[in-house]
Amino acid sequence: MSDDKDETQQRLKAAIHFTVGRLCQMTGEDHQRGFSRQTVAAIAETAFRQCDVFAKDLEAFARHAKRSTVNSEDVKLIARRSTALSIHIQRKTEELNQEKKSTGKRKSRDTEEESKE
Amino acid sequence: MAEKNEDIGFKKDTISKLLSSFFKEDKTRLSGDAVLLVAEMLKVFVREAAVRSQKQAASEDCDQVDIEHFEKILPQLLMDF
């Protein structure tokens with residue numbers, strides 16, 4: 001049981017590492033300066049741990065609002081420490097709401113994505 | 001890679017599973033929008049880490065971004081998120 005959990009965790013870590021690698025490669029190309037493999041691994045590890053912090057905060061925020069489901073309001077609270085970031089997240093939320101309205105026929109994004117898989 | 005630069009990001013599924021695995025209580029659920037927003041947050045976090053490390057490396061006139069550059073920007077990065 002715990003072996004299974006460990007393996008999933010390892011796979012998720014690998015997925016994060018992969019995306020971090022691509023994002024670093026992209027910035028590297030923009031600035032003509034590559035990242036060492038060690039640096040990419042360190043950024044991936046930091047992102048993974050940051051995700052842990054996010055999850056614990058989100059859970060606490062949702063519980064404080066007496067909900068068991070984390071929603072976009074909780075994510076907005078996570079982004080409160082930096083003004084630019086919270087504006088960016090606010091705009092993203094509005095974009096998501098707009099998209100939902102324009103795809104009026106479908107009930108929600110979740111059902112839409114399930115049908116794709 | 002066929003994808004445009006802006007399209008690189010974390011998958012919804014990955015983030016959803018990752019967040020769920022970190023929750024203390026099993027009954028905590030996630031809304032679809034929340035997952036997409038966290039994925040965006042994490043992308044901004046990584047890009048911010050990458051660009052700040054780039055700048056640090058540039059200020060030290062290095063050809064490659066090394067772990068010491070990332071180490072130098074890490075404290076401020078963590079304070080900003």
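Every chain is numbered from 1 and lettered A, B, ... according to where its sequence line falls, protein lines coming before strand lines.
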Just checking A:R91: does its CZ atom have more than 12 heavy atoms from other residues, nucleotides or ligands closer to it than 6.0 angstrom?
no
Closest non-hydrogen atom pair, B:V38 against A:F54:
CG1-CD1, 4.3 Å
Compare all side-chain heavy atoms of B:L37 with those of A:L96 and state whether any distance is below 4.5 angstrom.
yes
Over all heavy atoms of both residues, which pair between A:S72 and B:A34 is shortest? Give the atoms and the distance, please.
N-CB, 4.2 Å
Is the shortest side-chain heavy-atom distance between A:C51 and B:L19 below 4.5 Å?
yes
Any side-chain heavy-atom pair of B:D66 and A:S36 under 4.5 Å:
yes
With a 4.5 Å heavy-atom cut-off, do A:T39 and B:H69 have their side chains touching?
no
Under 3.5 Å, is there a donor-acceptor pair between the B:Q64 and A:R33 side chains?
no
Kindly indicate whether the side chain of B:K17, heavy atoms from C-beta on, has any atom under 4.5 Å from the side chain of A:L12.
yes
Are A:T46 and B:F45 packed together at the side-chain level, in the sense that at least one heavy-atom pair is separated by less than 4.5 angstrom?
yes
Pick whichever of B:K24, B:K11, B:K27 has the most heavy-atom pairs under 4.5 Å with chain A.
B:K24
To the nearest 0.5 Å, atom CG of A:D52 lies from atom CZ of B:F22 at 4.5 Å
Consider only side-chain N and O atoms of B:D80 and A:S82, and report whether a donor and an acceptor are under 3.5 Å apart.
no
Chain B interface, residue from A:I43, A:T27, A:V20 that has the most non-hydrogen pairs under 4.5 Å
A:I43
For a quick test of reading the model, state the closest non-hydrogen atom pair linking B:F23 to A:A55 and the distance between them.
CE2-O, 3.3 Å
Between the main-chain N or O of A:H31 and the side-chain N or O of B:Q54, is there a donor-acceptor pair closer than 3.5 Å?
no
Answer whether the closest heavy-atom distance between the side chains of A:V70 and B:R29 falls below 4.5 Å.
no
Determine whether B:D33 and A:T93 make a side-chain contact, defined as any pair of heavy atoms from C-beta on separated by less than 4.5 Å.
no
Would you confirm whether A:R81, through its side chain, and B:F81, through its main-chain N or O, come within 3.5 Å as a donor-acceptor pair?
yes
Is A:E73 close to chain B through its backbone or its side chain, or both, or neither, when contacts mean heavy atoms under 4.5 Å?
neither
Report which part of A:R11 has an atom under 4.5 Å of a heavy atom belonging to chain B: side chain, backbone, both, or neither.
neither
Taking A:Q50 for the side chain and B:L42 for the main chain, is one N or O donor matched with an acceptor at less than 3.5 Å?
no
